[in-house]
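Quick note on labels: first sequence line is chain A, next is B, and so on, each numbered from 1.
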Amino acid sequence: GVHDSFSQLIQEQCHDLHDVIEMTPLDPEEESRGQILTRNRPLRQEVTSERNLTELLVFQMTSRVWRLRCTSGRSRGAIISQYCNRTMQLRRRRQSRPSIQHFPRSARPSIRGYGVETDAAGFEEEENKRERLVNNLQNLSDSDRVRMLRAMPLSLSEKKELRHGWYSWLSFLSSLQLWQTALKCVGGRFGTGVLSYFIFLRTLLFFNVFMFLVTGLLLVVPQAIAHPDLDQNITVRSTWGLEVLTGAGYFSHSLLYYGYYSNKPLQTGHSCSASSNKTSSSCGLSYNMPLIYFFTIGAAFFITCIILVYTMSKSFGQSFRIDKSKGLLAIKVFSSWDFKVIKKSSVRLQRANISTQLKELVAEVNHQKLKFPVLQRLFRLSIHMLAWIMCLGSTLACVLAVYYFSEYMHGEASLLAIPVFVSSLNLLLPGFFNVVAWMEEYDSPSVLNYISISRNLLLKVSVLGVLCYHWLGRVATDPQSLGLECWESFVGQELYRFLLMDFIFMLLDTFFGEFLWRVFSQKALKRERKPVFDIARNVLELIYGQTLAWLGVLFSPLLPAVQIIKLLFLFYMKKVSLKMNCQASGKPWRACQMTTIFITLLCFPAFLGAAVCVTYTMWTIKPSASCGPFQGLKNMFQAGKRWFQELAAANPDLHWLPSAHAYLVENPLFLFLSAGIFLIVIYFHSQVVDGQRKIIELLQEQIENEGEDKKFLITRLQHIHERKRRVTPRRVKEAIIPDALHELMEPQKRPQQQL
Amino acid sequence: MGNKQTIFTDEQLDAYQDCTFFTRKEILRLHGRYHELAPHLVPMDYTNDPDVKVPLALIVNMPELKENPFRNRIVESFSEDGKGNLSFNDFVDMFSVLSEMAPRELKAIYAFKIYDFNVDNYICKEDLEKTLNRLTKEELTPEEVILVCEKAIEEADLDGDNKLSFADFENMISRAPDFLSTFHIRI
């Protein structure tokens, strides 16, 4: 195995050495330092002693072993040749446009002297490679070229030379500069952890803007232009202020809610026959509102799903490491200093933070883990059990309270009661959980983080679950018991109220939780430090609000707009409160992992739950008979089916459409099959990841072994040189080496030479 | 689009856009910041590529770098002469590598250069001790510093030569998920 590969390597080196003609003298100073790689060493060297020959030989062997991984210890020629290969691969993989421009010859670049890379290429070859690199770059697509160019570790002036005369276009996504200075201030003062909250807020804002654009352009604007249905009665207006809060009254028959949208195709222009609401009309533009409504909501959810999964996988890829986590100390030393922090006091805090972590890691190395006596461990276990029982018990109590409250509370006065109740639960209970966790005295702050997040999440998921049951299970199936004409509008209003109350309570929380607490702790408790921003709790609040918005889009197409306004307010409010009332945390916060967790939470319980509820509504629940675009249908899904039937009726060629629809979409077998295939693909990918993990382990072992081999070979070579010099007279240098190396490779065949 | 600026020609701005992670607006803003550092030295008109270098002492006083313990090394690694005098190209290069869009491999290359204090293409024990001292200032005792350095080299050194080559460093950094977000300066 290893010996074979080395003997081949040595054969090659012997040929190289024979080719070396020109030699320049070595600096004796460098020789005495015994360094293999130095700056500004000329490419070809004179070998004056066996030791240097050894060094050169081993260095060449090393450079072959490390070539694939070393990029900074190389000369520019090597970098260019490496990127030349990469662009060739990229070019072969993608379709390329033929090159139009001919690259003119440029002046010979000077070598910066990063180190010596004994690529067999001399100066002339480097320039050929440069030309080839430029040609390759020209033939890549624009985006690939720009990406390659930016990622090259050459200086800017060199890159500009390479670039010479290309067109450039800028990706529009990279120019999104919303709130750049604000984020910089926050990051500079509070570090990456708190910054991740604000970046998450910005991400949510973009999701909502996208959803708003889709629903706004496709649903709201056409309905606003066309005339509303005339058989809706407008109720008497009550006080305007209360209406903004409750979303009822004037608003209940507006574009805000489902009930406003027409179920007949919208017509522009006049004098269209009134009976032509089944077939696509021939006068003016016909806009089939039920169908568009159905497909818009479906498409919006689908595209949001894709964007979410893509963001999640990208974030996962950055933070998830397959191999085992050893080497924590080295990682901590090199990657824990946050370069974004600029404020002096925060820098001091960061320094203290890192020192503490390093001390803890060093202490772990020095001392053994303290084994608690059995009694103490049992005691700690019982404390943890008690804490969990308390938390789960309080969650259950809240759920039951919401269940009975929603069942028995009816009437005008209670419209705001349920949202207020739920929001106050969401505010108070996480505080209670924090107190319980403080009582438990966790050792590791990251475990504490995970436990708090999971308890908080459990609370929110259960409360939302019972609310969904109330709306979809009770209100939707039996709207007459509540005296409702249009249950969808009612549910839309409920969600609007919940969203609004959530926002008001967040305002109150910021005011009481941060501002007054700071005043209290500084004046009454006489503490010097301001309170710390609770990142996990705030992010979970954001996720909760976003789930409500997603749940409500079906019933209230303008809800994303409300969410956008809320998020905008929230950003500025939290920023101001942060500056005034909080300080940077002294505890470590692994921003990358936490961001991944938050995006995953946004995707899995939040988005998936909302999508499941919406799908369930569309599939099973009977829409109200007298309002909205789906009136009179068995379920909302029928709108699509009806359209297929209409199409088939209109065009005889498409007669297979309704039957295809019936067999494919309505047949559960097809869905089971597709779900099965999906699961198989996931299983396959997880096996691939497992395999890659094993390969990484094997490769690391191999690297360690080769390091050992290198050390072994160096010592053996030197041993042999010493012996040869003592025993035999001085011979031509080039002849010694192959002999010595061959001897090394066949120790068994010449045992008598061992002295 | 927008108002006509006379600092750079259009081709120059295109070149900067292609070779760095910045947009035209950001490059003009960077030029403003560069000019602020030495108003008498840096011309407003860069259309004929003047050869101007701002000295190290002025650059490390920027608010983004002032409190950074590695500020001198950062600026030196991006300068052509290794002494920390940055031309505008080097200045833009520095902030481009430190921006959030630069990929991990590129950042790893320059991080290695920054932590290699004696510029010998290896992070040896002395380099590591200097890094640690700048990170923690006086918080760790000398014994703890030595212990941390030994343990760190032991963990990261794969080929057993008691110093970290770039390959060792890159391998270790690839296991640090926070590296991308911490090795980032916003400008």
Region of [X] that comes under 4.5 Å of a non-hydrogen atom in chain A:
X: B:L135; value: both
X: B:I123; value: side chain
X: B:Y115; value: side chain
X: B:R134; value: backbone

Review point. What residue, out of B:L164, B:L128, B:V148, has the most heavy-atom pairs lying under 4.5 Å from chain A?
Key: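 Heavy-atom pair counts peak at B:V148.
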Exercise for review: Against chain A, work out which of B:D178, B:I187, B:D157, B:I74 has the most heavy-atom pairs shorter than 4.5 Å and name it.
Suggested key: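 Greatest number of close heavy-atom pairs with chain A: B:D178.
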Check your understanding: Which residues satisfy the side-chain contact (heavy atoms from CB on, under 4.5 Å) test with A:K343, sequence neighbours excluded?
Key ->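 Here the qualifying residues are A:R189, A:S345, A:S346.
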Practice item. Would you please name every residue forming a side-chain contact (heavy atoms from CB on, under 4.5 Å) with B:H35, sequence neighbours left out? Key: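 Counting only residues at least two positions away or on another chain, B:H35 forms a side-chain contact (heavy atoms from CB on, under 4.5 Å) with B:P39, B:V42, B:M44.
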Pairwise side-chain contact, [X] with [Y], heavy-atom cut-off 4.5 Å (strictly under):
X: B:E67; Y: A:V341; result: no
X: A:L358; Y: B:E139; result: no
X: A:D338; Y: B:F183; result: no
X: B:K66; Y: A:K344; result: no
X: B:I114; Y: A:F334; result: no
X: A:F339; Y: B:F70; result: yes
X: B:P69; Y: A:R351; result: yes
X: A:I342; Y: B:I185; result: no

Looking only at heavy atoms, which two atoms of [X] and [Y] are closest? And how far apart?
X: B:M172; Y: A:I331; value: SD-N, 3.6 Å
X: B:A152; Y: A:L329; value: N-CD2, 4.0 Å
X: A:A330; Y: B:E155; value: N-OE1, 3.1 Å

Practice item. Look only at the side chain of A:S335 and the backbone of B:A176, and say whether a donor-acceptor pair between them is shorter than 3.5 Å. Key: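 Flag not set: sc A:S335 to bb B:A176 has no pair under 3.5 Å.
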Exercise for review: Start with the C-alpha distance between A:K711 and B:D161, add both sets of side-chain angles, then the distance that settles side-chain contact (heavy atoms from CB on, under 4.5 Å), and finish with yes or no.
Suggested key: CA-CA 8 Å; A:K711 276 198 292 201; B:D161 55 359; over 6 Å; no
Review point. Do you know which of A:S355, A:G707, A:S196 has the most heavy-atom pairs with chain B at a distance under 4.5 angstrom?
Key: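 Of the options given, most contacts go to A:S355.
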Rounded to the nearest 0.5 Å, what separation is found between the [atom1] atom of [X] and the [atom2] atom of [Y]?
X: A:I199; Y: B:S181; atom1: CD1; atom2: OG; answer: 9.0 Å
X: A:I354; Y: B:L140; atom1: CD1; atom2: CG; answer: 10.5 Å
X: A:Q350; Y: B:T182; atom1: CD; atom2: OG1; answer: 9.0 Å

**Study point:** Residues A:W337, B:N68; criterion side-chain contact (heavy atoms from CB on, under 4.5 Å); working and verdict
**Key:** CA-CA 9 Å; A:W337 184 269; B:N68 195 316; 4.1 Å; yes
**Study point:** Test log, rule side-chain contact (heavy atoms from CB on, under 4.5 Å), inputs A:K359 and B:T141
**Key:** CA-CA 10 Å; A:K359 279 197 203 201; B:T141 66; 5.7 Å; no
Check your understanding: Does a salt bridge link B:E64 with A:K340, judged by any charged N lying under 4.0 Å from a carboxylate O?
Key ->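 Salt bridge between B:E64 and A:K340, a charged N being under 4.0 Å from a carboxylate O: no.
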Practice item. Please flag which part of A:V333 lies under 4.5 Å from any non-hydrogen atom of chain B: side chain, backbone, both or neither. Key: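 When you check distances to chain B, atoms from both the backbone and side chain of A:V333 fall under 4.5 Å.
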